[in-house]
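Down below is the structure, laid out as structure tokens.
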2 protein chains.
Amino acid sequence: MAEARGLVIVNTGNGKGKTTAAMGMALRAWGQGLKILMLQFIKGGSGYGELKAAEKMPGFEIMAMGEGFIRDAEGDKMAGHRQAAREALARAREEITSGRYDMIILDEINYAVGFGLVSEEEVLELIEMKPAILHLVLTGRNATERVIEKADLVTEMREIKHPYASGIKAQKGVEF
Amino acid sequence: MAEARGLVIVNTGNGKGKTTAAMGMALRAWGQGLKILMLQFIKGGSGYGELKAAEKMPGFEIMAMGEGFIRDAEGDKMAGHRQAAREALARAREEITSGRYDMIILDEINYAVGFGLVSEEEVLELIEMKPAILHLVLTGRNATERVIEKADLVTEMREIKHPYASGIKAQKGVEF
């Protein structure tokens with residue numbers, strides 16, 4: 001029996017599959033009876049396949065606390081993102097120390113750092129405060145050096161080819 | 001409403017997350033009501049989190065048709081892998097054309113090609129024979145150029161840091 005130890009896992013890079021791989025981890029962990037929370041820093045809304053799936057998977061919760069698409073946000077829109085990220089961060093602190101979960105996924109938190117919605121320092125604090133047994137998964141492009149340093153497992157997802165480039169539309173069940 | 005079109009998706013590279021991201025795709029697709037088959041070319045056995053999860057997810061099937069760890073296999077052991085791969089390939093042909101699934105994941109098929117268990121030509125034929133609407137996901141390191149050429153979406157998962165390197169054991173719910 002291997003010693004139980006919570007890992008800090010980072011999925012970063014410019015490609016698809018960072019959040020998707022985190023969902024795959026959630027699926028595997030859920031199969032083993034673990035309790036999982038995915039807390040989304042950017043994504044909000046409903047209708048996503050993963051939200052519908054989680055509704056049917058007791059023990060796997062997704063909280064979509066973001067405001068959605070951020071890349072070109074300015075002014076009021078950016079203030080909304082900032083506020084949403086503060087709330088997600090407060091929630092992350094609370095849940096990480098709650099003992100209610102075996103795995104917590106902070107989805108797109110690295111991306112939120114890139115946009116200045118959350119500071120690198122705050123992310124490092126989340127890692128520091130986690131119980132030893134908790135698996136903490138951080139996704140999003142541009143994970144910082146210091147976050148990578150604190151992680152046990154880091155994977156970079158690189159885009160080699162993307163269907164949008166050849167004019168194919170987003171497909172239900174794949175992209176959302 | 002976007003036009004429904006089945007994508008050919010390849011997850012390759014030397015990092016974690018190729019199979020895991022495919023499981024995440026399965027989870028999202030399952031949430032949208034799609035029927036999914038994951039056919040594993042290398043992995044066999046039981047006890048894996050994803051198998052336990054799929055048992056609780058009607059509409060998501062996993063067939064673990066491999067013989068397990070292959071890297072140092074020789075002689076009889078390699079013959080067993082070869083035979084298992086032939087059976088998995090026959091099953092893949094049958095299920096791809098069956099119309100029973102909306103998404104089929106051929107897990108580690110690229111890796112099986114790398115070991116000469118399946119030929120590149122046979123993989124290209126599977127892609128050719130797929131119904132237009134079917135999403136076909138091919139995982140495994142060292143996807144060949146011609147397979148990448150046929151794909152719509154290709155992601156390379158690169159290992160940046162791995163916990164085994166620092167002596168941490170495989171963790172239930174994360175690694176298996």
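Chain letters run A, B, ... following the sequence lines, proteins first and then strands; every chain starts at 1. When reading the values below, keep in mind they use all heavy atoms of this one structure, side chains included, and skip hydrogens, waters and symmetry mates.
The cluster map of Ile, Leu, Val, Met, Phe, Trp and Tyr, joined by side-chain heavy atoms under 4.5 Å apart, puts I42(B) and F69(B) in different clusters. Hydrophobic clustering (ILVMFWY, side-chain heavy atoms < 4.5 Å, transitive): L134(B) and L37(B) are in one cluster. Hydrophobic clustering (side-chain heavy atoms under 4.5 Å, transitive across Ile, Leu, Val, Met, Phe, Trp, Tyr) groups M25(B) together with M25(A). Tracing side-chain contacts under 4.5 Å through hydrophobic residues (I, L, V, M, F, W, Y), one never reaches M63(A) starting from L34(A); they form parts of separate clusters. Each of I105(B) and I127(B) belongs to its own hydrophobic cluster when Ile, Leu, Val, Met, Phe, Trp and Tyr are linked at side-chain heavy-atom distances under 4.5 angstrom.
For L27(B), the parts lying near chain A are the backbone and the side chain together; criterion is any non-hydrogen pair under 4.5 Å.
Heavy atoms only, all atoms of each residue included: A21(B) and G17(A) are closest at CB-O, 4.2 Å.
With rounding to the nearest 0.5 Å, the separation of CD in E175(A) from CD in Q32(B) is 12.0 Å. Between the CE atom of M103(B) and the CD atom of Q171(A) there is a distance of 10.5 Å, given to the nearest 0.5 Å. Between atom OG1 of residue T155(B) and atom NZ of residue K18(A) there is a gap of 9.0 Å, rounded to the nearest 0.5 Å. Atoms NZ and CZ, on K52(B) and R28(A) in that order, are 12.0 Å from each other to the nearest 0.5 Å. Note that CG of D152(A) is 7.0 Å distant from NZ of K161(B), once rounded to the nearest 0.5 Å.
Looking only at side-chain heavy atoms (C-beta outward), M57(B) and W30(A) come within less than 4.5 Å of each other. Using a 4.5 Å heavy-atom threshold, the side chains of K16(A) and L153(B) count as touching. The shortest distance between side-chain heavy atoms of I9(B) and V174(A) falls below 4.5 Å.
Residue E94(A) qualifies as enclosed at atom CD: its count of foreign heavy atoms under 6.0 Å is above 12. Around CD of E145(A), the count of heavy atoms belonging to other residues, nucleotides or ligands within 6.0 Å does not exceed 12. The neighbour count for N142(A) CG, taken as heavy atoms of other residues, nucleotides or ligands under 6.0 Å away, does not exceed 12.
For the set E159(B), R158(B), H135(B), E50(B), the entry with the most heavy-atom pairs within less than 4.5 Å of chain A is R158(B). Note: G24(B) leads G24(B), G47(B), G33(B), A54(B) in heavy-atom pairs under 4.5 Å with chain A.
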